[in-house]
K.L.:
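Below: one structure in structure tokens.
Nothing fancy with the numbering, it's 1 onward along the sequence. Remember, predicted model here, so these are calculated numbers, not experimental data. Worth knowing before you read on, the calculation uses all heavy atoms, side chains too, and leaves out hydrogens, waters and symmetry mates.
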Amino acid sequence: FKPGTGQPGRINPAEVRVPAYLPDLPEVRLEIACYLNQVEAMDAAFGEAIRLLEQRGELDNTIVVHGSDNGWQMPRGLGNVYDSGCHVPLAIRWPGRVRPGRVIEDFVSVTDYAPTFLEMAGLVPWPEMSARSFLDILVEDRRDPRRDHVFVERERHANVRRGDLSYPIRGVRTKDFLYLRNLRPQRHPAGDPIVYHSVGDYGDIDEAAIKMLMMERQNEPSMQKFFALSFKKRPAEELYDLRRDPDQIDNVAARPEYAAAKQELGAKIDGWMKATRDPRLDPNYDGFDKFPYYGGGLAPVLRRWDEQN
């Protein structure tokens, strides 16, 4: 998606859904419509790939997986571990093995792809893999009661904090809750307010037109709530009740009535971090901040390519 470009196509900006963490303004609706139009263009290109397989007689001899690596490139999306940042598409076509049209509600992670693909090929996943194959729920048409949650985490996304600092998060998502631990809440989750190295001011948010609008109008009373949700510092704990707050904007972590749920979810994170030998078990560990960046020359190359094309 190239922010600020494109046309809404057949998508009417007046009919798009504006999530609760973004201001409902005409400019916002227009960019969402342009984004969705480009999603439709991507879907059309994917359809061409399917037709090519069909023309070559290989479609029924091919496992087709259609997914994504991150959420959308809007504030509070890409680079975050809210649903808007990491709930991504996954569609699988496997003739004769996966029943068409079926919707599976079990939680899977992108890390589960590797053992799943190995099993699809008739191989045994390596014992070192901590992820689990979901081949069983694909082909056996059943639910897996163990897949009632998924863990989410974040370290460095882009080089956007002075000192190359990350914004570490550990969290767990269930059907009803999202619980997050911001391990360095004194840092800026969206990157330093003034550009350090990459992207721009608040560089962990891509340069979408919506981002620029929110930054320009951040001091307006009607914009302050939305600006805080995407740009401001966050508390050490966040808990969202998805049954009444699907867009995850009302943090209930400090409310007594949610203490039991928070304790249960926190125990899941503790167990997962221990099982995976997470270095962040040591509250003073910041080793991830010390790994060198290797992508620093990419942005100038992309700019030159844009200029030449």
Side-chain angles (χ1 to χ4, degrees), residues 63-71 80-155 168-183 237-248 252-253 257-281:
I63 300 172
V64 178
V65 181
H66 191 13
S68 175
D69 69 335
N70 53 253
N80 290 275
V81 295
Y82 306 113
D83 283 6
S84 50
C86 56
H87 184 193
V88 296
L90 175 59
I92 298 176
R93 183 185 189 276
W94 191 1
R97 299 298 303 275
V98 175
R99 178 166 60 83
R102 180 170 167 236
V103 176
I104 300 175
E105 299 290 346
D106 299 51
F107 285 96
V108 300
S109 169
V110 171
T111 57
D112 294 330
Y113 287 7
T116 303
F117 294 163
L118 288 173
E119 284 200 341
M120 285 176 165
L123 303 174
V124 178
W126 298 336
E128 295 88 349
M129 288 180 167
S130 59
R132 292 189 294 120
S133 168
F134 54 86
L135 180 63
D136 54 347
I137 60 174
L138 272 181
V139 301
E140 296 177 18
D141 215 349
R142 66 178 179 85
R143 301 289 302 273
D144 182 347
R146 298 173 298 169
R147 289 190 175 277
D148 62 349
H149 64 281
V150 67
F151 294 107
V152 293
E153 66 179 343
R154 166 180 161 162
E155 283 293 337
I169 305 173
R170 301 294 184 269
V172 61
R173 169 71 152 84
T174 68
K175 176 176 175 289
D176 294 329
F177 293 102
L178 173 68
Y179 172 59
L180 305 177
R181 289 177 180 167
N182 297 305
L183 303 182
E237 293 183 297
E238 297 177 75
L239 177 65
Y240 299 98
D241 183 346
L242 308 179
R243 297 165 296 189
R244 63 176 188 80
D245 179 25
D247 284 336
Q248 302 156 14
V252 298
E257 63 267 33
Y258 287 98
K262 187 171 72 170
Q263 182 177 9
E264 178 184 352
L265 296 168
K268 286 184 183 293
I269 292 178
D270 292 337
W272 169 61
M273 292 178 71
K274 291 174 183 176
T276 57
R277 293 179 290 180
D278 191 334
R280 291 283 186 191
L281 284 167

K.L.:
Do Ile92 and Val64 have side chains that approach each other closer than 4.5 Å (heavy atoms only, starting at C-beta)?
P.N.:
no
K.L.:
So, for Val88 and Ser68, which heavy atoms are closest and what is the spacing to 0.1 Å?
P.N.:
CG2-O, 3.5 Å
K.L.:
In a check of side chain to side chain contact (heavy atoms under 4.5 Å, CB included) between Phe177 and each of Glu264, Lys262, Arg243, which one passes?
P.N.:
Arg243
K.L.:
Over 60° means perpendicular and under 30° means parallel, so tell me whether Phe151 and His149 are parallel, tilted or perpendicular.
P.N.:
perpendicular
K.L.:
Ignoring hydrogens and angles, tell me if any N or O in the side chain of Thr116 forms a donor-acceptor pair with the backbone of Phe134 under 3.5 Å.
P.N.:
yes
K.L.:
Any carboxylate oxygen within less than 4.0 angstrom of a Lys/Arg side-chain nitrogen, looking at Arg244 and Asp176?
P.N.:
no
K.L.:
Quick check against the 3.5 Å criterion: does Asp245 have a side-chain atom that pairs as donor or acceptor with the backbone of Tyr240?
P.N.:
no
K.L.:
Which heavy atom of Asn182 sits nearest to which heavy atom of Glu238, and what is that distance?
P.N.:
ND2-OE2, 2.8 Å
K.L.:
With side chains defined as the heavy atoms from C-beta onward, is the minimum distance between Asp144 and Arg132 less than 4.5 Å?
P.N.:
yes
K.L.:
Could you check whether Asp136 pairs with Arg142 (Lys NZ or Arg NE/NH1/NH2 to Asp/Glu carboxylate O, under 4.0 Å)?
P.N.:
yes
K.L.:
Would you mind reporting whether Leu239 and Leu178 have side-chain heavy atoms less than 4.5 Å apart?
P.N.:
no
K.L.:
Where do Gly171 and Ile269 come nearest, in terms of heavy atoms and distance?
P.N.:
CA-CD1, 3.6 Å
K.L.:
Indicate yes or no: does Arg170 engage Glu155 in a salt bridge with an N to O separation below 4.0 Å.
P.N.:
yes
K.L.:
Can you tell if the side chain of Arg173 reaches within under 4.5 Å of the side chain of Leu242, non-hydrogen atoms only?
P.N.:
yes
K.L.:
What I want to find out is whether Asp141 reaches Arg99 closely enough, with some N-O distance under 4.0 Å, to be called a salt bridge.
P.N.:
yes
K.L.:
Give me the atom names and distance for the closest heavy-atom approach of Val172 to Val152.
P.N.:
N-CG2, 4.2 Å
K.L.:
Please test Asp83 against Gln248 for side chain to side chain donor-acceptor pair (under 3.5 Å), starting from the C-alpha separation and ending with a verdict.
P.N.:
CA-CA 8 Å; Asp83 283 6; Gln248 302 156 14; 3.0 Å; yes
K.L.:
Could you tell me the separation between the CG atom of Asn70 and the OG atom of Ser84, rounded to the nearest 0.5 Å?
P.N.:
11.0 Å
K.L.:
Is any NZ, NE, NH1 or NH2 atom of the basic residue among Arg143 and Glu105 found under 4.0 Å from an Asp or Glu carboxylate oxygen of the other?
P.N.:
no
K.L.:
Counting C-beta onward and ignoring hydrogens, is there a side-chain heavy-atom pair between Val110 and Asp69 closer than 4.5 Å?
P.N.:
no
K.L.:
Hey, mind stepping through Met120 and Leu138 against side-chain contact (heavy atoms from CB on, under 4.5 Å) and telling me if it holds?
P.N.:
CA-CA 10 Å; Met120 285 176 165; Leu138 272 181; 3.7 Å; yes
K.L.:
May I ask you to say whether Arg280 pairs ionically with Asp278, meaning some side-chain N is under 4.0 Å from a carboxylate O?
P.N.:
no
K.L.:
Is any side-chain heavy atom of Arg147 closer than 4.5 Å to one of Val108?
P.N.:
yes
K.L.:
Hey, what do you get for CH2 (Trp272) to CG (Asp270), rounding to the nearest 0.5 Å?
P.N.:
11.0 Å
K.L.:
Could you give me the CA-CA distance, side-chain angles and deciding distance for Tyr82 and His87, then say whether side-chain contact (heavy atoms from CB on, under 4.5 Å) is met?
P.N.:
CA-CA 8 Å; Tyr82 306 113; His87 184 193; over 6 Å; no
K.L.:
Looking only at heavy atoms, what is the nearest atom pair of Pro125 and Leu118, with distance?
P.N.:
CA-CD1, 3.8 Å
K.L.:
What do the steps show when you test Ile169 against Arg181 for side-chain contact (heavy atoms from CB on, under 4.5 Å), and what is the final call?
P.N.:
CA-CA 6 Å; Ile169 305 173; Arg181 289 177 180 167; 5.8 Å; no
K.L.:
Under the side-chain contact (heavy atoms from CB on, under 4.5 Å) criterion, do Thr174 and Asp148 qualify, and how do the steps go?
P.N.:
CA-CA 6 Å; Thr174 68; Asp148 62 349; over 6 Å; no
